[in-house]
Amino acid sequence: MRSSRIPLLVLAHLGVGGAFASCASQGPVVEAEVIPIGSVTPTSTTTEGPFILGHEPGPVGSTLAPISSAASSAAASSRPSPSGMTSFRPPPRPVLSIGRPPPPSRPPPTPRGNVRVIKGRPLVVEGVTYVAPHAALGDDETAALVRAAHDEHASIAAFARTVCELMALGAPLALVHETQAALADEIRHTEMTLALLERAGRPLRIAALEAATLPLRRDVADFFRDVLRGGAVGETLAAADADERREHARDPELAAYYATIADDEARHAALAYKTLRWLLDAHPTLAATLTEERARLNADEHLLTAPLFDAIAP
């Protein structure tokens, strides 16, 4: 991964120096509105099981079906834009060319392999990362957007569960509120990605994500690791990846999409560092866990995150 402006953007969102004041004082915060997702009746089914990183999918009766182009366009045009958030309303005409639809016969789904840290805030339960079931894809821009739609969708559940865990740990309400706002961002990101796919002639309905209701755990060290890996590191990597895709995007709408994702994920990364800072203040013994986790980072991860971890060091 080449050098990125993202660490500076994350530090700007942290406001270094007064970065953690809101968590301590529970001062004023910006209101965020959750955009409702319109329900669509599935038209076909698949027998693929939950898509779990590092695990073979198992059979379940989940749905994965295309949605009506007209219905989706109408729903997108009628949705209100959240206050203070970037509005993304792609035109209904199919002007975006990001790849051809795949042939009718797709290869069987395969896991993406065991990975220690992935881009974005994944849904992780007991060390296993989940996304909604979907078929294996190629490496073109369309496939990247299909993967992104499922990853953003899973992040909704990840942030929802984080809200509950923060409350169980007695976190300041300002921190809970920022996490809820990030959840709203992930809903918006999912809708944005699905809108791009529809414009490209690849309308998609994301299957049920049953792992969203798996039992919550766990001791504070496990929660700390999750926030560090998926939030601090994962969101920083996601922002850097989106920023690089923005630079290489030929379509203006695609470039605008990636610019929005890069800025939002950088803000989510800053939120993760704030959360880690609060956890370190509340549980000083986690300093050893922070040292262990930083030692596990590879060169690219360390390059992007070193100044950010230094900013929250005890």
Side-chain angles (χ1 to χ4, degrees), residues 10 13-15 18-37 82-85 120-131 151-190 208-236 238 264-287 289-290 293 308 312 314:
V10 176
H13 283 303
L14 274 172
F20 315 106
S22 64
C23 294
S25 66
Q26 298 189 35
V29 292
V30 178
E31 288 293 331
E33 178 183 348
V34 177
I35 309 173
I37 301 178
S83 173
M85 292 185 179
R121 186 69 179 267
L123 172 59
V124 178
V125 183
E126 299 296 334
V128 179
T129 302
Y130 295 87
V131 298
D151 290 342
E152 299 286 2
H153 177 260
S155 290
I156 300 170
F159 276 108
R161 294 168 68 91
T162 298
V163 167
C164 294
E165 292 186 284
L166 286 172
M167 293 186 69
L169 290 169
L173 290 181
L175 198 57
V176 175
H177 194 289
E178 281 195 63
T179 306
Q180 172 67 21
L183 185 158
D185 287 341
E186 300 298 358
I187 295 174
R188 179 166 51 90
H189 292 174
T190 305
L209 180 55
E210 296 179 5
T213 57
L214 286 174
L216 290 170
R217 57 236 193 266
R218 70 207 153 177
D219 66 35
V220 67
D222 286 337
F223 180 59
F224 184 88
R225 291 188 184 94
D226 241 18
V227 173
L228 186 149
R229 297 177 186 181
V233 179
E235 296 279 30
T236 302
D264 286 351
E265 303 296 25
R267 183 158 33 82
H268 296 174
L271 170 60
Y273 288 103
K274 290 181 186 180
T275 303
L276 294 176
R277 175 70 267 177
W278 174 76
L279 287 168
L280 286 166
D281 288 343
H283 306 273
T285 57
L286 290 174
T289 305
L290 174 61
E293 289 295 317
L308 306 173
I312 67 164

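Closest heavy-atom contact between W278 and P172: NE1-CD, 3.3 Å. Annotation for V125 and P215: closest pair CG1-O, 4.2 Å, computed over non-hydrogen atoms. Across every non-hydrogen atom of L175 and A171, the tightest pair is CD2-CB, 4.4 Å. Residues L123 and A154 come closest through the heavy atom pair CB-O, 3.8 Å. In plain terms, the two heavy atoms of A182 and F159 that are nearest each other are CB-CE2, 3.6 Å. Between A272 and G231, the shortest heavy-atom contact is CB-C, 3.4 Å.
Residues F224 and H283 place their aromatic rings such that the two centres sit no closer than 6.0 Å.
L214 places none of its side-chain heavy atoms less than 4.5 Å from the side chain of E126. Considering only heavy atoms from C-beta on, R267 comes within 4.5 Å of D185 through its side chain.
Within the structure, the salt bridge (charged side-chain N to carboxylate O under 4.0 Å, His left out) test picks out the following pairs touching residues 153-175 (sequence neighbours left out): E165-R217, E165-R218.
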- For F223 and L216, what are the C-alpha separation, side-chain angles and deciding distance, and is it a side-chain contact (heavy atoms from CB on, under 4.5 Å)? CA-CA 10 Å; F223 180 59; L216 290 170; over 6 Å; no

- Hey, mind stepping through I187 and L183 against side-chain contact (heavy atoms from CB on, under 4.5 Å) and telling me if it holds? CA-CA 7 Å; I187 295 174; L183 185 158; 3.8 Å; yes

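We find the CD-CZ distance between E293 and R225 to be 6.0 Å, quoted to the nearest 0.5 Å. Here the CG atom belonging to L209 is positioned 6.0 Å from the NE2 atom belonging to H153, to the nearest 0.5 angstrom. Note that the CG atom of L290 and the CG atom of L276 stand 7.5 Å from one another [nearest 0.5 Å]. The distance from atom CG of L271 to atom CG of L14, rounded to the nearest 0.5 Å, is 9.5 Å. With rounding to the nearest 0.5 Å, the separation of NZ in K274 from OG1 in T179 is 10.0 Å. Here the OG1-CG distance, from T275 to L228, works out to 11.0 Å after rounding to the nearest 0.5 Å.
Contacts of T162 classified as side-chain hydrogen bond (donor to acceptor under 3.5 Å, both in side chains), with partners at least two apart in sequence or in another chain: R121.
If you check the side chains of E265 and H268, you find a donor sitting under 3.5 Å from an acceptor.
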